[in-house]
Each structure stands twice: as structure tokens, then as C-alpha cells.
Amino acid sequence: MLCSAAGENSVLLWSMRSYTLIRKLEGHQNSVVSCDFSPDSALLVTASYDTTVIMWDPYTGERLREFLHVSLPPDVEYSTTEPQLSSLRSVCFSPEGLFLASLADDRFLRLWSLELQDPVSVAPVTNGLCCTFFPHGGVLATGNRDGHVQFWTSPKVLPSLRHLCRKALRCFLTTYQVLALPIPGKMKDFLTYRTYL
């Protein structure tokens with residue numbers, strides 16, 4: 001599967017077997033500027049100028065989560081600030097698939113846990129344009145409009161056995177194939193990222 005974002009309010013998912021359009025994902029209120037698949041290809045995240053990151057199930061087209069990218073004044077605690085909206089520039093998954101990084105025009109890099117609503121870490125970035133994780137984890141790079149690259153330490157986590165099993169299964173099973181398995185509903189919810197328990 002391939003995802004394309006062409007500056008519209010939606011993204012297109014393409015089959016790399018038949019080279020045909022699978023579906024159009026609509027949900028953003030402004031241009032989508034960045035997208036990334038999770039390492040197991042079970043999730044897709046899209047970032048938009050509308051200040052949101054949406055996490056999708058690319059197989060069903062279902063919106064699973066939404067992360068609101070609010071600006072953070074550097075001298076004020078996050079929980080006490082009045083939210084101010086800020087256009088997103090880039091979003092990416094961590095190598096183990098447990099975190100997202102997002103970069104916005106408010107000059108902040110945010111690190112999100114898939115399990116939490118608020119960022120777990122925030123760092124100031126000057127003129128940020130894009131971000132990506134080192135494939136083996138532990139490092140996050142941001143590219144700036146002035147041509148510089150900044151490197152950040154990112155969490156190097158040891159994924160749980162449950163997550164590793166889910167990741168292994170989802171590398172070769174679609175959402176529909178998981179839902180057809182003769183297993184309990186709670187396990188299906190976990191394997192399809194509907195729950196994190």
C-alpha cells in the first residue's frame with residue numbers, strides 16, 4: 001500500500017499490486033502535508049495545516065485517534081496554557097511503532113505516545129520543516145528551512161511482548177483478516193489498535 005498527500009484535505013491509498021486507488025481518506029479541514037505508516041503497516045498517520053494528526057486504519061479507512069497540535073509558549077507549563085492552534089509540517093512513527101513525532105510552525109517538536117492524549121516530550125526547534133527517526137531508535141532528526149539538521153535523543157524503549165506479537169502478526173495480516181480470527185473480541189481490539197490494554 002502507498003499513501004499520497006497532494007496538498008488537499010484528503011489522502012489517497014494506492015495498491016502496489018494492481019496500481020489502483022484503494023480509498024480516499026477524508027477527515028482533515030485543511031491541506032495534508034505529511035503522512036507515515038507504522039512499522040507494521042497497520043496504522044497510518046496524517047498531519048495537516050488544520051493542526052491535527054489523525055491516526056487511521058488504512059485497511060478500513062477508520063479514524064482511530066486524533067492528536068491536536070496546540071502551541072506551547074516556552075516559559076509556560078503545557079497544562080496551564082490556553083490552546084493556540086499551529087499548522088503542522090511533519091509527522092513520523094518511531095521504529096518500534098509506539099511513538100509519533102510531530103513538528104509544527106509554532107517551533108516545537110512533540111513526541112507522542114500512542115496511548116496518551118498529550119505529548120510526552122516537547123522541544124524547541126527553529127524553522128522546523130521535517131522530522132524522522134533513526135531506523136534503530138534512540139535518535140530523532142529534524143530538518144530546518146535554513147538547511148541545518150538537529151539531532152535529538154528519543155526514547156529507546158523495550159516493547160512489551162504483547163506489542164511485539166501484535167507487530168509480528170500485523171506485518172502480514174490485514175485488519176479484516178484479524179477480525180476473522182476465532183479469538184476473543186478484546187484480543188481483536190488490541191491487535192487492530194482499537195485498545196492498548
Side-chain angles (χ1 to χ4, degrees), residues 1-14 16 24-56 58 65-78 81-114 116-157 159:
M1 200 179 296
L2 174 79
C3 179
S4 64
E8 298 177 1
N9 296 5
S10 59
V11 295
L12 303 176
L13 293 177
W14 303 89
M16 295 311 297
K24 185 177 187 177
L25 299 177
E26 298 178 303
H28 285 288
Q29 303 303 312
N30 207 325
S31 298
V32 177
V33 294
S34 182
C35 59
D36 193 26
F37 282 98
S38 61
D40 61 7
S41 299
L43 299 172
L44 171 71
V45 287
T46 55
S48 169
Y49 288 153
D50 68 6
T51 73
T52 59
V53 172
I54 298 177
M55 187 168 67
W56 308 86
R65 300 262 332 259
E66 191 170 307
F67 301 91
L68 181 60
H69 212 278
V70 295
S71 63
L72 307 172
D75 57 346
V76 182
E77 181 69 25
Y78 176 75
T81 62
E82 190 64 34
Q84 296 178 359
L85 303 178
S86 180
S87 295
L88 282 150
R89 292 290 168 187
S90 184
V91 65
C92 62
F93 269 100
S94 63
E96 75 286 333
L98 294 172
F99 294 94
L100 296 174
S102 63
L103 189 59
D105 284 341
D106 67 355
R107 298 181 179 198
F108 283 101
L109 170 70
R110 287 169 180 74
L111 190 65
W112 308 83
S113 168
L114 297 188
L116 303 174
Q117 194 62 37
D118 293 326
V120 295
S121 183
V122 178
V125 176
T126 304
N127 294 322
L129 189 59
C130 60
C131 59
T132 191
F133 283 91
F134 178 64
H136 302 292
V139 177
L140 176 64
T142 56
N144 302 338
R145 287 180 184 89
D146 57 7
H148 292 92
V149 176
Q150 290 178 286
F151 295 97
W152 308 88
T153 301
S154 66
K156 213 169 181 182
V157 298

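As a basis for the values below, the full set of heavy atoms in this structure was taken, side chains included, without hydrogen atoms, waters or symmetry mates. Residue numbers start at 1 and run along the sequence shown.
- Here the CZ atom belonging to Arg89 is positioned 15.0 Å from the CG atom belonging to Leu109, to the nearest 0.5 angstrom.
- Across Leu88 and Thr52, no two heavy atoms sit closer than the pair CD1-O, 3.2 Å.
- Scanning all heavy atoms of the two residues, the minimum distance from Leu114 to Gly97 falls at CD1-O, 3.1 Å.
- At a threshold of 4.5 Å between non-hydrogen side-chain atoms, the residues Phe93 and Asp40 do not count as touching.
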Task: Verdict with reasoning, Cys35 to Leu44, per side chain to side chain contact (heavy atoms under 4.5 Å, CB included) - done: CA-CA 7 Å; Cys35 59; Leu44 171 71; 4.2 Å; yes
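- Distance check, rounded to the nearest 0.5 Å: OG1 of Thr153 to CG of Leu111 gives 11.5 Å.
- Note: Thr51 OG1 to His28 NE2 = 10.0 Å, rounded to the nearest 0.5 Å.
- Shown here for Glu66 and Gln117, the closest heavy-atom pair between the two residues is O-NE2, 3.0 Å.
- Looking only at distances, no side-chain donor or acceptor of Ser94 sits under 3.5 Å from a matching main-chain atom of Leu100.
- Across all non-hydrogen atoms, the minimal contact from Ser31 to Asn9 is N-OD1, 3.5 Å.
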Open item on the list: Show, in sequence, the C-alpha distance, side-chain angles and deciding distance for Val120 and Phe99, and conclude whether the side chain to side chain contact (heavy atoms under 4.5 Å, CB included) test is met.
Closed with: CA-CA 9 Å; Val120 295; Phe99 294 94; 4.2 Å; yes
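- Listed for the Asn144 side chain is no donor-acceptor partner under 3.5 Å among the backbone atoms of Asp146.
- With rounding to the nearest 0.5 angstrom, the CG atom of Leu12 is 9.0 Å from the CD atom of Glu26.
- Side-chain atoms of Trp56 and Arg65, non-hydrogen and from C-beta on, never get closer than 4.5 Å to each other.
- Within the 3.5 Å criterion, the main-chain N or O of Ala42 finds a donor-acceptor partner in the side chain of Ser38.
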Identify all side-chain donor-acceptor contacts of residues 123-135 below 3.5 Å with residues at least two apart in sequence or on another chain.
none

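- Note that CG of Leu13 and CZ of Phe37 are 5.5 Å apart. Values are rounded to the nearest 0.5 Å.
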Task: side chain to side chain contact (heavy atoms under 4.5 Å, CB included) between Ile54 and Leu25, intermediate numbers included - done: CA-CA 10 Å; Ile54 298 177; Leu25 299 177; over 6 Å; no
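- Residues Arg110 and Phe67 are not in side-chain contact: their nearest non-hydrogen atoms beyond the backbone lie 4.5 Å or more apart.
- Heavy-atom minimum distance, Val53 versus Ala47: CG2-CB, 4.4 Å.
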